[in-house]
Amino acid sequence: MTKLLKIKEIVWGLVMLVSAIIMMTNPDDGYSLIITLLSLWLILYGASTLLFYFQMARFMVDGRTRLYMGIIMLDFGILTFSLTDVPHYYILLYLILIHAFSGLIEILRVYEIRRTGGRSFKLKLVHGITNIVIACVCIVFMTHIKAAVFVYSVGLIYSALMRIISACRKKKFIYIQ
Amino acid sequence: MNSDIEVNLRKYRTNLAGSGTGYILFGIWTVIKIFMTVTMNRSYIAGILSDLDFDIDKADDETRQIAYIVICSLLFLIALVALLFHLYIGMRAIRYSSKETSSKFFVAFSILIMLMNISNLPDYFKSREEGLSVMNDRGIVPAVVDLTVVFLLFDIIYSVHRIDSLENKKKKIAKDAAASGIEEESTGD
Amino acid sequence: MQEDFHYYATYCAAFLAGYDHRECMDICYSAQFVDLCSKTLLGRIKAPGSAATTMLQIEMMDARTDILGLQDITGIWASFHFLPRDLYASKPHRPKRYMNKYRLICGHDGELVSKTVELAKGRSLQSVGIAMHVLADTWAHSYFAGTPSLVINNTTDDFFEILPEGEYPDNQKAIKFRHNPSAADDTEKNIYTNSIYQENENSVMNLGHGRAGHLPDYSFIKYCYLPAWNDYKVMIKDNPSDYYNAFCQMIYAMKYLRGSFDSFKLNTYDTDAVKGHEDRINKILKTRRLIASDDWKAFGEELSGCEIDNFDVNRYQEEYINAPSEDKSSTFIGSFVDGALAQKSMVSAAIFRSGNMLAGFGKND
């Protein structure tokens, strides 16, 4: 991981930590803040992916998938932005599903790493499984909203710490010279 | 290796695989979007019911609950069917691109769904009062999403057509080459 | 390319060009030193870091990928390992952002190759060695760019080794890649290590030929693959033929530098100089193994009748460290540093003059 990427991961981890604490102490403001930040990030990511596609990736073999990802991310971001006046119950469910989805992606990445003979996958696997377990526990406690918020916030803190630890780790770096 | 036919075959096979993958991604996204819209937008179901001339405010609690359950179930069923179509077309396209299958039945579905999508596009230009409330999700980005899906399906159909015609051309050239090779041998004798 | 070609093969080429054993040693040492002269090494001996000709893995991990970081990376890699072939190449309907990266694609017999060789004329043997490294790499690293770029340096997963007519359909055997840095490449099972796909355009993992693994550095292999930039056309890389041409071109270039010719012409390879040695050279190039240092060394020692010292990166460092400031330029590493700075300046300026900012600002000649 390059230094810049490490800093980005650590900053993102700290943002997640702060968001978790805000959610636990002041859920009303916390929800709005998280949804707004998430939607802005998704919209920017989608727009930058689309810009990259039109300027660069469309001339690349198999570059079209960037177009589709960019459009989906943009749509995702705009839909997320429209959720600001929805009951907290549903927002929590939405956040839980995103968490579960990211856990699933981690597990798929582990599968890919193992398939191509890589070795460092255990931390990713643990992180992925934990994300999904936390999401399931939150869904179980959905009717007890405070408990669900607490479990979700704990899950967010765990993810944040894992991100920071992962950024600080020395990683095997396959670079061909 | 780099004849026009080979280069174009590579290009269309890659496009087909990419469009197939993209169509699956859009299918998953459609399901997620329907789920989010139904669960997080309370007025959405009410809007559908009012389109069906069902006055939700005048109904009693039990009727209202049954109406919500029926509509939600129908919507999730539609989402599931949509996902299955997406998966079928997408995976068939990927398999066709890698020569794992030669069946083109999925193209018929692609044409049908593309025409259905095209017929829905004018709704984006209708006002909220004219249009159905299911089209509440208006705006440039949703229109772009639907246009992209139309483009995707068109790309799948076109790529299959081009792959077929290029493969036929290739076979014809090989046949002609084999025939002229046999002719040369026989005149040589 | 690896030590077998940059060190030992360059020695052989230098001898065949007419240099004596001592001169050959200086040239081949400098050629190989280009692959090791990093900012870390230069910092250790208190030499100018701007003369770095390579980046270590640890330096790559710490490299910034903002515009300044990219200029730093490109300045080194494009100047010494991926010399651009055509800075004014054109392709229809491509925006400037794309063309800036496209124009940095490395290739042999480009205008910058002749400028590199001409730059070494009248300069030290260290400059000759640097020029030979750069020239040789234009053959091995063709079709990749010395700047981080997904859209240029990416490839599909389909690599095939092209074999003589025989057991495989279309005479092609699939190459399998894995991402295990600790496992050695297996030439028998055709399993090699490459870098993982990175979707970020400016990731350092998208620099150079990482997606092709070490295949460009193995002289025995002829293979085909689909690069991201070539509009779905397959690229065939015939390493035995390319390495042979690189060897003959090095001889021609060094003869020019010794004064045998008035000018250096591109697409000219001194095949006469290797008469009587073609079979030996082709055998070395085509033997299926990861590195051919022993064979090249044996060939070089037979040619000159002298023993070729193994490469030792520390050989000249004490000399440089102990020399007074005013005499550092006349030490071995001092001369190397001067040559490296001149090469980097020339290439960066050429890239800048072509309207491309990826290597930073270059000073005018």
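Quick note on labels: first sequence line is chain A, next is B, and so on, each numbered from 1. The analysis underlying the following values was restricted to heavy atoms, covering all of them including side chains, and did not include hydrogens, waters or symmetry mates.
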Hey, is NZ on C/K176 packed in by over 12 heavy atoms from elsewhere, all under 6.0 Å? no

Proximal component of C/K96, with respect to chain A [non-hydrogen, under 4.5 Å]: neither

Drop me the distance from A/D62's CG to C/D157's CG, to the nearest 0.5 angstrom. 10.0 Å

Between C/N154 and chain A, with a heavy-atom cut-off of 4.5 Å, which part of the residue counts as in contact: side chain, backbone, both or neither? side chain

Non-hydrogen side-chain atoms of A/V61 and C/L226 separated by less than 4.5 Å: yes

Quick one, C/E199 with A/R66, criterion side chain to side chain contact (heavy atoms under 4.5 Å, CB included). Give me CA distance, side-chain angles, the key distance, then yes/no. CA-CA 9 Å; C/E199 63 169 31; A/R66 303 301 286 269; 3.9 Å; yes

Write out, in numerical order, the residues from residues 47-56 of chain A with a heavy atom short of 4.5 Å from a heavy atom in chain C. A/F52, A/Q55, A/M56

Turns out that what part of C/F144 lies under 4.5 Å from chain A's heavy atoms comes down to neither

Neighbour count above 12 (heavy atom, 6.0 Å) for C/K189 NZ: no

Nearest atoms (heavy-atom pairs only) where C/H93 meets A/F59: O-CZ, 3.2 Å

Region of C/P227 in contact with chain A, defined by heavy-atom distances below 4.5 Å: backbone

Can you tell me if OH on C/Y88 sees more than 12 non-hydrogen neighbours from other groups inside 6.0 Å? yes

